[in-house]
Enquirer: 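Starting off with a structure, shown below.
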Amino acid sequence: MGPAHIGILGLGTVGCGTVNVLTRNADEISRRAGRQISIAAACARNLTRRRDCDTSELNLTTDAVSVVENPDIDVIVELIGGESPAKELVMAAIRNRKHVVTANKALIAIHGNEIFDCAQQHGVVVAFEAAVAGGISIIKAIREGLAGNRIESLAGIINGTGNYILSSMRDHGDSFDQALRQAQNLGYAEEDPTFDIEGIDAAHKLTILAAIAFGIPLQFDKVYTEGIRNISTEDIRFAEELGYRIKHLGIAKRTTTGVELRVHPTLIPERRLIANVEGVMNAVLVNGDAVGPTLHYGAGAGAEPTASSVVADIVDVVRALTTDPNNRVPHLAFQANAISDIPVVSPGDFETAYFLSMEALDRPGVLADVTRIFGELDISIEAILQREPVEKNTAQVIILTQETKEQRMMQALVQLEELPSIMDAVKRIRVEHLSYSAT
Ligand code: HSE
């Protein structure tokens with residue numbers, strides 16, 4: 001069979017990584033795909049920029065539309081990122097009956113339902129492994145490897161920048177700002193780092209993971225998202241004293257009333273494997289009813305780790321070029337006509353445990369007032385830690401609670417902050433124990 005022709009849109013970090021992997025491993029890749037993969041065209045905004053790949057043999061252009069209109073191209077590899085013009089180009093490619101491989105999480109999380117619908121109508125595949133957790137094959141693992149399971153929950157460290165920041169704060173006592181600057185200098189952060197630190201990048205990825213885990217539509221707008229900007233080195237130290245690490249987790253969980261979709265800083269027991277995922281590495285813990293907990297770990301970003309997933313998708317798509325469109329692996333793991341409308345649980349109904357940190361006046365009866373509030377709201381306390389005052393006449397009080405409904409905890413916080421003995425706002429960070437066992 002002759003070569004399959006691909007067109008690459010975007011020659012940035014991942015684009016160049018993809019060119020390098022396709023070139024270096026060409027023989028192995030063609031043995032897997034059953035035919036050679038030839039880059040028929042590559043599009044970049046600026047053709048004179050210095051790049052980390054050899055472009056001398058490439059047919060370069062600045063005209064992306066000419067690539068998606070090129071009748072000789074079978075597969076478009078979209079590595080531009082962002083919503084526009086990526087969406088317009090991907091939709092045009094699909095209408096031209098070209099298959100698409102993309103690493104674009106925002107595109108899939110926000111426009112995926114429409115894109116997959118259009119792809120289905122035109123009999124083409126849109127593959128997106130590289131959109132979540134870089135080089136970890138988590139989409140394939142959930143969609144195909146765990147297809148026999150009812151997935152109960154997943155929890156992931158799915159933003160390397162945020163994990164790098166929290167690791168640096170814990171390991172070196174760096175402030176949040178120092179750690180962020182380092183992450184930016186090392187090239188980990190997104191162009192706009194608020195996407196990383198406010199959890200938007202993780203929410204894009206969680207949206208995709210939840211859809212394929214539960215067979216629900218992509219619902220980015222329903223993900224509760226909280227960033228890590230307010231986490232202090234002091235919080236990290238107190239968590240450590242109690243045997244926990246603070247991680248920025250994306251959590252998708254089935255409950256009796258629907259699915260919880262949330263991204264927020266989370267205390268997890270330090271003995272869990274996922275608590276020991278450090279720096280820019282990513283990991284996703286998936287809990288299936290048959291398999292029990294599985295942990296998927298690897299590089300969540302970077303040129304070649306992400307290219308590894310892009311190229312795997314290219315190989316999959318090339319293999320599928322000759323297959324019946326009705327018998328391919330469904331985009332969102334479940335057949336398009338079997339997507340479920342399980343409701344997304346509203347934040348007030350989340351059920352989780354909490355770590356609370358408050359500055360209290362150092363005088364008799366304060367702890368009794370605090371614990372009375374929890375007792376009256378039927379919130380059970382797991383542990384209390386009090387730091388003796390250093391200079392002022394206040395003491396830092398740390399409380400770990402057992403699981404409760406979020407709305408009940410919000411009531412407790414209001415009442416705590418009304419106590420004359422509690423200074424300032426009470427800091428609250430959710431706690432997840434992530435203790436699953438196989439059935
Ligand atoms: N900025 C992202 C991260 C890159 O830090 O994980 C990969 O999506």
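In listed order, ligands and their atoms are each counted from 1.
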Enquirer: Checking salt bridge (charged side-chain N to carboxylate O under 4.0 Å, His left out) between Glu432 and each of Arg262, Arg272, Lys247, which is the one that passes?
Expert: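 That would be Arg262.
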Enquirer: Output yes when Arg408 and Glu406 qualify as a salt bridge under the 4.0 Å nitrogen-oxygen rule, no when they do not.
Expert: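 Glu406 and Arg408: not salt-bridged.
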Enquirer: Can you check whether Lys205 has an N/O within less than 3.5 Å of an N/O in ligand 1?
Expert: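 Yes - when backbone and side-chain N and O of Lys205 are compared with those of ligand 1, one distance drops under 3.5 Å.
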Enquirer: Using a strict threshold of under 4.0 Å (side-chain N to carboxylate O), is an ion pair present between Lys427 and Glu359?
Expert: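 Looking at Glu359 and Lys427, the cut-off is not met.
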Enquirer: With side-chain contact (heavy atoms from CB on, under 4.5 Å) as the criterion, how do Thr306 and Glu304 come out once you've worked through the C-alpha distance, each side chain's angles and the decisive distance to 0.1 Å?
Expert: CA-CA 5 Å; Thr306 311; Glu304 293 216 359; over 6 Å; no
Enquirer: What's the shortest distance from atom 1 (N) of ligand 1 to any protein heavy atom, and which residue and atom give it?
Expert: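 Checking every protein heavy atom, the shortest distance to atom 1 (N) of ligand 1 gives Glu190 OE2, 2.6 Å.
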Enquirer: Starting at CG of Leu434, measure out to CZ of Arg271 and round the result to the nearest 0.5 Å.
Expert: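 So the CG of Leu434 and the CZ of Arg271 are separated by 10.5 Å.
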Enquirer: What atoms in ligand 1 come closer than 4.0 Å to a heavy atom of Gly160?
Expert: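 In order of numbering, the contacting atoms are 3 (C), 5 (O), 6 (O).
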Enquirer: Can we call the ring centroids of Phe350 and Tyr224 under 6.0 Å apart?
Expert: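 Yes: the rings meet the under 6.0 Å criterion.
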Enquirer: Under a 4.0 Å N-O cut-off, is there an ion pair linking Lys87 with Glu114?
Expert: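 A salt bridge is present here (some side-chain N lies under 4.0 Å from a carboxylate O).
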Enquirer: Output the list of atoms in ligand 1 that are nearer than 4.0 Å to some heavy atom of Asp196, sorted by atom number.
Expert: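 Taking each heavy atom of Asp196 in turn, ligand 1 has 1 (N), 2 (C), 3 (C), 5 (O) under 4.0 Å.
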Enquirer: Could you list the atoms of ligand 1 found under 4.0 angstrom from a heavy atom of Gly300?
Expert: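 In order of number, 7 (C).
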Enquirer: Can you list the atoms of ligand 1 that are under 4.0 Å from a heavy atom of Thr161?
Expert: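 Close to Thr161: 1 (N), 3 (C), 5 (O).
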Enquirer: Using heavy-atom distances, let me know which of Asn159, Ile165, Asn163, Val280 sits nearest atom 3 (C) of ligand 1.
Expert: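 Answer by nearest heavy atom: Asn159.
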Enquirer: Quick one: nearest non-hydrogen protein atom to atom 8 (O) of ligand 1, plus distance?
Expert: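 Minimum-distance protein heavy atom for atom 8 (O) of ligand 1 reads Lys105 NZ, 2.5 Å.
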Enquirer: Distance under 4.0 Å to a non-hydrogen atom of Ala301: what atoms of ligand 1 satisfy this?
Expert: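 Taking each heavy atom of Ala301 in turn, ligand 1 has 4 (C), 7 (C) under 4.0 Å.
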